[in-house]
Amino acid sequence: MSHLYDINAPKKPTNLSVNSDLLKRSKKLNVNLSATLEQALNEKLAILESERWKAENKTAISAYNKYIEANGCFSDEYREL
């Protein structure tokens with residue numbers, strides 16, 4: 001699996017502000033805050049990178065879709081029904 005960041009980079013302490021009730025409930029259920037934050041940030045990065053890629057390639061995607069509409073898919077002749 002490809003990662004969006006260096007998974008072997010050293011950990012770095014940081015200060016965060018979190019809703020106090022959310023923090024209390026999470027600690028009560030033994031939620032690993034560091035692992036949970038890393039997972040959430042990874043998911044957010046994946047979404048943002050995908051959106052960035054789509055925006056950067058919007059013109060090419062549109063041109064390809066127009067080509068397919070006009071000419072069909074190059075592999076249509078090999079498709080079995």
Side-chain angles (χ1 to χ4, degrees):
M1 181 171 128
S2 177
H3 293 279
L4 298 170
Y5 63 98
D6 179 2
I7 62 169
N8 296 312
K11 303 284 185 177
K12 182 175 176 154
T14 188
N15 293 323
L16 298 170
S17 297
V18 180
N19 176 289
S20 60
D21 189 47
L22 181 61
L23 182 61
K24 180 178 75 175
R25 290 170 180 263
S26 297
K27 284 185 175 186
K28 186 176 180 179
L29 293 173
N30 297 317
V31 173
N32 181 327
L33 298 177
S34 295
T36 302
L37 175 60
E38 285 185 3
Q39 180 183 355
L41 288 174
N42 186 50
E43 290 171 6
K44 184 68 173 181
L45 283 176
I47 291 168
L48 294 173
E49 287 290 337
S50 175
E51 290 172 355
R52 181 190 58 79
W53 185 90
K54 287 176 191 174
E56 287 178 356
N57 292 281
K58 183 178 182 178
T59 303
I61 294 168
S62 178
Y64 178 75
N65 287 336
K66 287 179 184 176
Y67 177 86
I68 296 300
E69 286 177 19
N71 302 296
C73 184
F74 70 91
S75 63
D76 282 347
E77 64 188 88
Y78 302 107
R79 187 174 297 170
E80 295 181 19
L81 297 177

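As the structure is a prediction and not an experimental result, all values here were calculated from the model.
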With rounding to the nearest 0.5 Å, note down the distance linking [atom1] in [X] to [atom2] in [Y].
X: Lys54; Y: Ser50; atom1: NZ; atom2: OG; value: 4.0 Å
X: Asp21; Y: Ser26; atom1: CG; atom2: OG; value: 9.0 Å
X: Arg52; Y: Asn57; atom1: CZ; atom2: CG; value: 9.0 Å
X: Leu4; Y: Leu41; atom1: CG; atom2: CG; value: 11.5 Å
X: Glu49; Y: Tyr5; atom1: CD; atom2: OH; value: 13.5 Å
X: Leu16; Y: Leu37; atom1: CG; atom2: CG; value: 6.0 Å

Is there a side-chain contact between Lys24 and Ser20 (heavy atoms, below 4.5 Å)?
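A side-chain contact under 4.5 Å is absent here.
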Would you say the side chain of Ile61 lies within less than 4.5 Å of the side chain of Trp53, judging by non-hydrogen atoms?
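Result yes, sub-4.5 Å side-chain heavy-atom pair found.
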Looking at Asn32, is its backbone amide N or carbonyl O close enough to the side chain of Thr36 to form a donor-acceptor pair, meaning the two atoms are under 3.5 Å apart?
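Yes, the answer is positive, given that a donor and an acceptor are paired below the 3.5 Å cut-off.
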Side-chain donor or acceptor of Ser62 paired with backbone N/O of Lys58 under 3.5 Å:
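Pair absent, no side-chain N/O of Ser62 close to backbone of Lys58.
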Evaluate salt bridge (charged side-chain N to carboxylate O under 4.0 Å, His left out) for Glu69 paired with Lys66, printing each intermediate quantity in order.
CA-CA 5 Å; Glu69 286 177 19; Lys66 287 179 184 176; over 6 Å; no
Asp6 to Asn8 - nearest heavy-atom pair and separation
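Of all heavy-atom pairs spanning Asp6 and Asn8, the closest is OD1-N, 2.9 Å.
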